[in-house]
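Note sheet for the following structure.
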Amino acid sequence: MKDHIQTLLSAALDRLRDQGLIPADTEVAVHVERTRDRRHGDFATNLAMALARPARRNPREIAQALVAALPSSPEIERVEIAGPGFINFTLVPEAWPRVVSHILEAGEAYGRSDIGAGRRVQVEFVSANPTGPLHVGHGRGAAYGAAVADLLAAVGYQVHREYYVNDAGRQMNILAVSVWLRYLEACGETVPFPSNGYRGDYVRGIAARLREAVGERLCRPAGEVFADLPPDAPQGDKEVHIDALIARAKALLGEAEWREVFDLGLSAILEDIREDLEAFGVVYEAWFSERSLVASGAVERAVERLREGGHTYEKGGALWFRSSAFGDEKDRVLIRDNGEPTYFASDVAYHLEKFERGFEHVIDIWGADHHGYVPRVRAALQALGCDVDRFEVLLVQFAVLYRGGEKVQMSTRSGEFVTLRQLREEVGTDAARFFYVMRRCEQHLDFDLDLAKSQSADNPVYYIQYAHARVCSVFRQAREKGLVWDRVRGEANLHRLVEGHEQALFERLSRYPELVEAAALAREPHQIAHYLRELANDFHTYYNAHPFLVEEAELRDARLCLIEAVRQVIANGLGLLGVSAPESM
RNA sequence: GCGCCCGUAGCUCAGCUGGAUAGAGCGUUGGCCUCCGGAGCCAAAGGUCAGAGGUUCGAAUCCUCUCGGGCGCGCCA
């Protein structure tokens, strides 16, 4: 409907250009919006006011010319000029109920569109280091990223969801050595556990699996392992200590056996993460390995390209990228003085590779604590000649859990953090997915565990799901009473739905496609969450005000059509957020 | 010190690329169950949109500054 009015206005605009009333080169976006007040009709545009300046005319004068030039339409009952120069459109009454037929016809496809035109867009999200289970901080990125990806898919983009696996860095070596030490313990050795190691219980679990797989073949006496190592903190430097420990482990085991430990740890954790996300309703098209990037020489190639482009220099034995020439606050090291590439170097290679894979748009979803990282990646892409307008980073702020009004403390050091899995077990996937995307991603999120668990009206998830279940329940009741819903008869009698509650529902339902489009383009799934609450409220209100299973079959069938449409839109909307739509609760 | 995000009702937050009288939920107060699920509904009270300038027909929205809160500023990942 909105599109229809936009089309009419564009036509009128062309006529005014032809008539010379406005300069031919005037560029103006035709912007149609829903009115907030019924007295202003159903839709309004500020086009005349936007044209006032370039045309050097009074807005109302332009509005009159626009209205005169407007092609006629059977959908529109009235066009009025109001206030400083708004043009208000009122639809013919018959236009509204039609939305119900559209919804019943389209079913799950209602709200989907093709504005993406099949363009390929990549969404990379979560990408947590595979050194331990996902925690609740990752949960928000997972829920948000999945919702953004699903929204983009819903409006016609070809979406590629990707998880970047940091399986090549020092942190992974630390994990491997942690696993190995726990394994030694399991073999009966007594080892002092490094203060910088991974202390979580899951490491013991992986060590146990290792022992099952290889027996005591990889066991070495603790005395040999720790002989002459630099001291751990607090006497010594914990970083130096653990690096020496890693080197010793590699020396004692040899490359092949070290790799065995490393790979078992990596695959165990990746498997855990994958299962965790899957249970959270989050699936990926690809898991992209950093190690494969290093192995294929892509990192060297990317660094080489920067060097050839004259964007690098050497200082202090290291190779630097002149990112400050592209807006970053300082230059960044690509290759350390020890010859090892930095994490940044492989990230440059990864992002270059994204563009080389031919995505038309590349979206990264990061925790807000990485915001300082954005300018350097952008700088690198620019230096490599990529179109940075096609690169977008969405930063997700922290989520803080509350229980009983108190902040839930999390400590990574002790290994006692709240995992995503624990959260799912406590509040359920539906509540978790919904709560995570209830707020704009720039907004800090207060996650109230008690509220998420509560089965009451206070809890928006239950409120919305209840509306869905209630519709299903009405249909169950109808069947029990032997009433058969005749959809065709219902659709033929939609004009009978003249109650205020019914009109409100038509209006609400009709804006759903606009909403999905807006939410997708703005990457704002929270708009869907808010909409669904309002829709559910409209429905519950209607439910309380009017019986659906009335005697008169025509009216009854029409009302059943309407509430079935409501059910469909709730199901579609919840689906975009990864929340289930139960038939009973 | 520099950079990014945030500041709207007692609390948690919406407010669509600037638009007509700033909206929800919770909480508070007062109502609605012989009836399709009361896990629901209705009503009332509650605001100097942090503050000050600026841009214009018009600013919660855009720009600048100030104040307050969060986060980040490694040859870590």
Side-chain angles (χ1 to χ4, degrees), chain A residues 29 31 33-37 39-40 44-46 49-50 52-53 58-59 82-86 88 129 131 166 168-172 174 239 290 315-320 329-330 332-338 340-344 346-347 367-375 395 397-398 400 402 438-446 448 451 454-460 462-463 465-467 469-478 480-481 483 511 514-515 518-519 521-522 524 526-527 529-531 533-534 536-537 539-550 559 563 584-585:
Chain A
H31 186 201
E33 51 187 26
R34 301 265 177 171
T35 57
R36 210 176 306 171
D37 191 325
R39 284 172 302 177
H40 299 135
T45 182
N46 64 344
M49 288 178 280
R53 192 127 57 124
N58 180 312
F86 289 103
N88 296 334
N129 280 347
T131 53
N166 292 121
R170 174 168 174 266
Q171 292 305 317
M172 282 308 299
I174 296 178
E239 308 286 353
E290 179 187 7
K315 193 178 89 180
L319 184 72
W320 294 71
E329 57 188 23
K330 52 175 284 199
R332 308 292 172 178
V333 172
L334 288 165
I335 309 288
R336 294 185 202 117
D337 57 5
N338 65 8
E340 290 289 312
T342 57
Y343 173 86
F344 174 58
S346 55
D347 225 23
D369 52 336
H370 287 73
H371 73 257
Y373 207 73
V374 178
L395 298 169
Q397 295 289 334
F398 286 126
V400 181
Y402 285 84
M438 231 169 20
R439 306 289 177 230
R440 269 174 32 236
C441 70
E442 303 90 345
Q443 190 74 246
H444 290 264
L445 177 72
D446 288 337
D448 186 336
L451 180 60
S454 84
Q455 308 204 349
S456 74
D458 317 357
N459 185 341
Y462 279 86
Y463 184 82
Q465 289 182 319
Y466 178 49
R470 226 176 187 183
V471 174
C472 296
S473 171
V474 171
F475 278 94
R476 279 195 297 272
Q477 278 291 325
E480 279 170 26
K481 290 182 177 178
L483 303 170
R511 62 202 305 168
E514 296 161 26
L515 178 90
L521 296 181
E524 292 185 346
H526 77 271
Q527 290 191 34
H530 283 271
Y531 170 88
R533 213 213 163 271
E534 286 162 355
N537 181 40
F539 170 75
H540 287 307
T541 303
Y542 180 38
Y543 180 97
N544 265 57
H546 301 284
F548 307 145
L549 301 177
V550 292
R559 286 187 169 165
I563 66 169
S584 64
M585 302 168 66

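Chain A is the first sequence line, chain B the second, and so forth, proteins listed ahead of strands; every chain is numbered from 1.
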Please report, rounded to the nearest Å, how far the [atom2] atom of [N] is from the [atom1] atom of [X].
X: A:F344; N: B:A77; atom1: CZ; atom2: P; value: 13 Å
X: A:F539; N: B:C42; atom1: CZ; atom2: P; value: 13 Å
X: A:R34; N: B:G15; atom1: CZ; atom2: P; value: 17 Å
X: A:L395; N: B:C6; atom1: CG; atom2: C1'; value: 13 Å
X: A:E290; N: B:C76; atom1: CD; atom2: P; value: 14 Å
X: A:H540; N: B:G25; atom1: NE2; atom2: P; value: 13 Å
X: A:E534; N: B:G25; atom1: CD; atom2: P; value: 9 Å
X: A:M438; N: B:A24; atom1: CE; atom2: C1'; value: 12 Å

Search all heavy atoms of [X] against all heavy atoms of [Y] and return the closest pair with its distance.
X: A:T342; Y: A:V333; answer: OG1-O, 3.0 Å
X: A:E442; Y: A:Q397; answer: O-CG, 3.0 Å
X: A:T35; Y: A:A44; answer: CG2-CB, 3.7 Å
X: A:G169; Y: A:E290; answer: N-OE1, 4.2 Å
X: A:D337; Y: A:A318; answer: N-CB, 3.9 Å

Touch check for [X], heavy atoms < 4.0 angstrom, all strands: base, sugar-phosphate only, or nothing?
X: A:S473; answer: base
X: A:M585; answer: base
X: A:Y543; answer: base
X: A:S454; answer: nothing
X: A:N459; answer: nothing

Base-pairing mate for [N] - Watson-Crick or G-U, with both contacts under 3.5 Å:
N: B:A43; value: B:U29
N: B:C4; value: B:G70
N: B:A59; value: none
N: B:U12; value: B:A24
N: B:C65; value: B:G51
N: B:G18; value: none

TODO: Using atom types as modelled and distance alone, determine if a side-chain donor or acceptor of A:S473 lies under 3.5 Å from a backbone N or O of A:A469.
DONE: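 Checking the backbone N and O of A:A469 against the side chain of A:S473, no donor-acceptor pair under 3.5 Å is found.
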
Open item on the list: Using 0.5 Å steps for rounding, measure from the CE atom of A:M585 to the CD atom of A:Q465.
Closed with: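 It comes to 5.0 Å.
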
- [ ] Find the distance between CG (A:D448) and CG (A:N459) and round it off to the nearest 0.5 Å.
- [x]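 The CG atom of A:D448 sits 9.5 Å away from the CG atom of A:N459.
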
Using the [atom1] atom on both, measure [N] against [M] and round to a whole Å.
N: B:A14; M: B:C32; atom1: P; answer: 36 Å
N: B:G69; M: B:C76; atom1: P; answer: 33 Å
N: B:A22; M: B:A59; atom1: P; answer: 13 Å
N: B:G72; M: B:U29; atom1: P; answer: 42 Å
N: B:C42; M: B:G58; atom1: C1'; answer: 36 Å
N: B:C6; M: B:C36; atom1: C1'; answer: 46 Å
N: B:A24; M: B:G47; atom1: C1'; answer: 14 Å
N: B:A52; M: B:C13; atom1: P; answer: 25 Å

Open item on the list: Would you say A:Y531 places a side-chain N or O within less than 4.0 Å of OP1 or OP2 belonging to B:A14?
Closed with: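 Negative; the distance criterion is not met.
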
TODO: Tell me whether the OP1 or OP2 atom of B:A14 has a side-chain N or O from A:Q443 closer than 4.0 Å.
DONE: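 Answer yes for this pair, as a side-chain N or O of A:Q443 is under 4.0 Å from OP1 or OP2.
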
TODO: Starting from the 5' end of RNA chain B, give me the residue, A:G169 or A:R533, whose nearest nucleotide shows up first.
DONE: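 Its nearest nucleotide being more 5', the pick is A:R533.
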
TODO: Find which nucleotide of RNA chain B each of A:A545 and A:H530 is nearest to by heavy atoms, and output the residue with the more 5' nucleotide.
DONE: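 The residue whose closest nucleotide sits nearer the 5' end is A:H530.
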
TODO: Go through the steps to decide whether A:E514 and A:R34 satisfy the test salt bridge (Lys or Arg N to Asp or Glu O under 4.0 Å), and finish with yes or no.
DONE: CA-CA 10 Å; A:E514 296 161 26; A:R34 301 265 177 171; 2.7 Å; yes

Got a list of protein N/O to nucleotides 18-20 of chain B N/O distances below 3.5 Å?
from  : atom 1 : to    : atom 2 : distance (Å)
B:G19 : N7     : A:N46 : ND2    : 2.9
B:A20 : OP2    : A:R36 : NH2    : 2.7
B:A20 : N6     : A:N88 : OD1    : 2.9
B:A20 : N1     : A:N88 : ND2    : 3.4
B:A20 : N3     : A:H40 : NE2    : 3.3

Could I get a table of every N or O pair under 3.5 Å where one atom is in the protein and the other is in nucleotides 72-75 of chain B?
from  : atom 1 : to     : atom 2 : distance (Å)
B:C73 : O2'    : A:E329 : OE2    : 3.1
B:C75 : O3'    : A:R336 : NE     : 3.2
B:C75 : O2     : A:D337 : N      : 2.9
B:C75 : O2     : A:D337 : OD1    : 3.2
B:C75 : N4     : A:G316 : O      : 3.1

Task: side chain to side chain contact (heavy atoms under 4.5 Å, CB included) evaluation trace for A:Y542 with A:I563 - done: CA-CA 10 Å; A:Y542 180 38; A:I563 66 169; 4.0 Å; yes

Open item on the list: Please classify B:C33 as syn or anti, treating any glycosidic angle within 90° of 0 as syn.
Closed with: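 Glycosidic conformation of B:C33: syn.
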
TODO: Please step through side chain to side chain contact (heavy atoms under 4.5 Å, CB included) for the pair A:V400 and A:H444, ending with a clear verdict.
DONE: CA-CA 8 Å; A:V400 181; A:H444 290 264; 5.9 Å; no

TODO: Flag the pair A:E239 / A:R170 as yes when at least one side-chain heavy-atom distance between them is below 4.5 Å, and no otherwise.
DONE: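 When only atoms from C-beta onward are counted, A:R170 and A:E239 do touch, with a gap below 4.5 Å.
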
TODO: Among B:A77, B:G38, B:C36, find the nucleotide with the atom closest to the side chain of A:R170.
DONE: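 It is B:A77.
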
Task: A:R440 side-chain proximity, nearest of B:G15, B:C41, B:C36 - done: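 Among B:G15, B:C41, B:C36, the one nearest the side chain of A:R440 is B:G15.
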
- [ ] For the pair A:Y543 and A:F539, name the ring-plane relationship: parallel under 30°, tilted 30 to 60°, perpendicular over 60°.
- [x]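 Correct class here is tilted.
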
Open item on the list: Tell me whether the rings of A:Y373 and A:F344 are parallel (<30°), tilted (30 to 60°) or perpendicular (>60°).
Closed with: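 Answer is perpendicular, since the angle exceeds 60°.
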
Under 3.5 Å, which N/O atoms of the protein pair with N/O atoms of nucleotides 9-12 of chain B?
from  : atom 1 : to     : atom 2 : distance (Å)
B:U12 : O3'    : A:D446 : OD2    : 3.4
B:U12 : O2'    : A:R439 : NH2    : 2.8

Task: Test side chain to side chain contact (heavy atoms under 4.5 Å, CB included) applied to A:N166 and A:Q171, step by step - done: CA-CA 9 Å; A:N166 292 121; A:Q171 292 305 317; over 6 Å; no

